[in-house]
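From a predicted model like this one, the values you see are computed outputs, not experimental measurements. A, B, ... follow the sequence lines: proteins, then strands. Residue 1 opens every chain.
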Amino acid sequence: MPRATSDARLLIQSLSKAYAATPTNLKIIDLYVVFAVATALIQVAYMGLVGTFPFNSFLSGVLSCIGTAVLAVCLRIQVNKDNKEFKDLPPERAFADFVFCNLVLHLVIMNFLG
Amino acid sequence: MATTALEFLPAPLRSLRLKTKQQELLLRVSTLALIYVLAFIVRLFSVLRYESMIHEFDPYFNYRTTLFLTEHGYSEFWNWFDFESWYPLGRVVGGTLFPGLMVTAAILYRFLRALSFAVHIREVCVLTAPFFAANTTLVAYAFGREIWDSGAGLVAAALIAICPGYISRSVAGSYDNEGVAIFALLLTFYLFVRAVNTGSLAWSLASAFGYFYMVSAWGGYVFIINLVPLYVLVLLVTGRYSQRLYVAYNCMYVLGMLLAMQIRFVGFQHVQSGEHMAAMGVFFLLQACISVSNASPAVCLISAIAASATMKNLTTLIRTKTKSPQAASGKTTGSKAAAKGAVDQSLPFQQNAAIALLLGAFYMLSRYAIHCTWVTSEAYSSPSIVLAARGHNGGRVIFDDYREAYYWLRQNTPPDAKIMSWWDYGYQITAMGNRTVIVDNNTWNNTHIATVGRAMSSYEDEAYEIMQSLDVNYVLVVFGGVTGYSSDDINKFLWMVRIGGGVFPVIKEPDYLVNGEYRVDKGAAPKMLNCLMYKLCYYRFGELTTEYGKPPGYDRVRGVEIGNKDIKLEYLEEAFTTSNWIVRIYKCTLLRLHRLSTLYLVPPARNARLEVAIALG
C-alpha cells in the first residue's frame, strides 16, 4: 500500500538523519560492533554446516566476537557525551579499560582455543 | 571533646593531639586489626589441644594433591592420572578436582620459602583456612562500608570473624574447599556491587577474576552464577535499571564465563547445564533493556547494618547535651550530634533509656561472642582422626590409633601393596599410608564400592575370591568394641550390605538380621556371625575383657557379649592391631589359585569346600 511504504520511507529517512548527527567516534564504535556480530553470525552458520566438534574452539571463536561486541557497547555507553551517569569518567580512562578488558578476553580465548 | 579526653593520657602522648578525624581513623584501623587477629586465633583450638595436623577425610585428599603439586609442578598436577586409588581403575585427578585450594596453598608455600621460612607444606595447609578467614573479615568490612558506612563494615567484620557456621568449615586443619571459597564468594559479591555502583569496566573485570577464583575453588560457585543474575533481576524489577548496571553485568558475565570454562572440571557447563541458564537469560534480558532507560548476600551484613544503625542512634542520643567524655563510640562529629540532639529532646529520661539500651546491646553482643567461642571450642575443633575422651579419673585420654595404623602400613608393607577397606578411609590411607587403595571417599564408582561391600559381607572363602580378583594384599577394618568408639565398621556394616546387595543380588539384607533386628550376640543370624567383617573385627576379641564385671568378649558399643568367640581365619592372618584395637589390619596369605588349575597349595581338609566355591564362582 502506497501510504505504508511512504510512511516506512519517512521513518527510515528520519532515523538516518538522526543517526548522521551522532559524533564520528561513536559511529566508528557502532561499525566495530556490527563487524563483530557479523563475524559471530558467520561462525555460527559455519558451525551449522560442519557440526560443533571441537566445541571449545567454536565457543572461543563465537565468544571472542560476542565479547568484543559487548565491550565495545560498554565503551560507547561510557564515551557518549549524552549520558549523565558517566559524565565524570574521562574518555581516555574508558578507552584504557576497554583495551585492558579486551587484552584479558583474548588471552583467555587463546588459552581456550585448543 | 578531644582535649578533655587527652588530659587522662600521660604527657608524651598528649603532645600527639590528634584531630577527631585522625582519632577516628586510628580507632577504625586498630579495631579492624584486632578483628583480623581474632578471626585467626579463634580457629586454632585444635592446634593447641592436639597438634598441627589435617582433620577428617576430604582434607587428606586435598593435602595429598597439594603435596603432589609442590613436588612435581603445575603441568604434572594438571595432567595427573592417579594409579594409587580405585585400583585397578585409577582416577583422572587433574580433571576431577577444583584446583583453587591447592594452587593457593602452593603459592603461599613458595612465597614463604622464598622469604627463607623453611615451612613444611602441611603447616601451610593446616593454616590456610584461618588465614583466609581473617582475610574474609577485611572483605566484609569493605563490603559493609560500600553498601552502608564504615561502622556497619566494622560490625560485619566482627560478626563474620566469630560466626560459628563459618568457623566450623574453616578451623585450622580443616583443609577443605570452603576455607578459601567463602573468601572468594564475598570478594566476588563485593567487587560486583562496586562495579554496579561505579559503572567501571575495571571493577567488572576484577569481579570476573573474583568469580574465576571462586569457580576454581568450589563447586558451590553455582551459588554466585545464580545470585548475581537474581540481584540484577531484582534491580530491573524495582526500576533501578541503569547503564552502569548494564556495563557491570555484561562485562562480568562474558569474561567470568570464559574464565570459568578454563577449569576442566567445569567444562562447558556454563552453556549447557540448566543451573547456569539463569545467568544467560538475564544477559539477554539486559540487551533488551538497554534501549529502555531509567544489592546483599549475607545475613551477617544485614544484621551488621541493623546493629550498627541502632547503636549509632543510641550513642547519638547519649552524646547530646553532655560535654563529658563518656560517650561509648565516637563515630559522629560533635556538631552533627548537637544538631540531632536539639531536635530529639522531647521525651524525659530519654538519655537514661538510651544508656540502658546500649548497655543491654553490649551485653547481648558479648554473650554472643562468648557463645561463638564456646561452640567453636567444644564442637568444631575436633580433628576426627585423633579421638579424645575422659578417663575414669577425669584426665584426658587420646586415641591416635588411625595414624598408628597408617604409619604401620607405610613402614611395614611393600610399596605396591593394595589395601582393601571401606571407602571412608581411602583418602587417609593414600595420604598417610602412601599405599594403593581399592575405593576412596570420591565414591565415583558405585559398582566398585559394591564389590568391596560384597566382599565384606560374604563368607571368608567367597570374599577371598573377590580379593584375588582385585589383587588385594591387606584388609583394613575399624573396630570400636574395646574403646566404645561408635563410628566403626560394625555399625556401618548394614550399609555395606545394602550397597553390595544393590549391585549383587546374592547379598540379601534379611540374611544378616534377626526379626528385623541387627544383632551381634549369640542370637545373631548365622550369616552375620560368619561373614568376613564380623570375623575380622572380632578375631581374638573373645579372649579380651573390656569392662570390669562383664564377661570376656563384651562389645562396649553394641553393649552385648559377642556370639562367635571362636573365630578362625583361613585365608587371612592378623598383621597389626593398634593399641586400642580401633584399627585392625589383616594380610592375605595364601598364594594365588588359578581357577582352572588342579594343583592346590592348601591343606587337603579344605579341598572340598574350595572346589565347590570355584565351581560356583
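Residue A:Asp88: no heavy atom, backbone or side chain, is found under 4.5 Å from chain B. Looking at B:Phe212, neither its backbone nor its side chain comes within 4.5 Å of chain A, counting heavy atoms on both sides. At a 4.5 Å heavy-atom cutoff, the contact between A:Leu105 and chain B is made by backbone and side-chain atoms alike.
Looking at B:Phe268 and A:Asn56, their side chains come closer than 4.5 Å, going by heavy atoms from C-beta outward.
In this structure, B:Trp86 places its CH2 atom where more than 12 heavy-atom neighbours from other residues, nucleotides or ligands lie under 6.0 Å away. The local environment of OH in B:Tyr74 is crowded, with over 12 non-hydrogen atoms from other residues, nucleotides or ligands closer than 6.0 Å. Environment of OH in A:Tyr19: crowded, with over 12 heavy atoms of neighbouring residues, nucleotides or ligands closer than 6.0 Å. Residue A:Phe53 qualifies as open at atom CZ: its count of foreign heavy atoms under 6.0 Å is 12 or below. Applying the 6.0 Å contact sphere to NZ of A:Lys81 captures no more than 12 heavy atoms from other residues, nucleotides or ligands. More than 12 heavy-atom neighbours from other residues, nucleotides or ligands sit within 6.0 angstrom of CZ on A:Phe58.
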| task | Just do the side-chain contact (heavy atoms from CB on, under 4.5 Å) check on B:Cys251 and A:Val70 with the steps written out, would you? | result | CA-CA 7 Å; B:Cys251 179; A:Val70 160; 5.7 Å; no
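In terms of heavy-atom proximity, A:Cys74 sits nearest to B:Leu201 at CB-CD2, 4.2 Å. Between A:Phe86 and B:Gly199, the shortest heavy-atom distance links the atoms CE2-O, 3.4 Å.
With values rounded to the nearest 0.5 angstrom, A:Asp97 atom CG is found 8.5 Å from B:Ser204 atom OG. Interatomic distance, CD1 of A:Ile66 versus OH of B:Tyr253, reported as 11.0 Å (0.5 Å rounding). Put simply, OG on B:Ser200 and CD on A:Gln78 are 7.0 Å apart, with the number rounded to the nearest 0.5 Å.
Heavy-atom pairs under 4.5 Å with chain A peak, among B:Val271, B:Val247, B:Asn250, at B:Val247. Of the listed residues B:Val254, B:Leu205, B:Thr198, the one with more heavy-atom pairs under 4.5 angstrom with chain A than any other is B:Leu205.
A side-chain donor-acceptor contact under 3.5 Å links A:Glu85 to the backbone of B:Gln243.
Proximity to chain A at a heavy-atom threshold of 4.5 Å picks out B:Met257, B:Leu258, B:Leu259, B:Met261, B:Gln262 from residues 257-265 of chain B, in numerical order.
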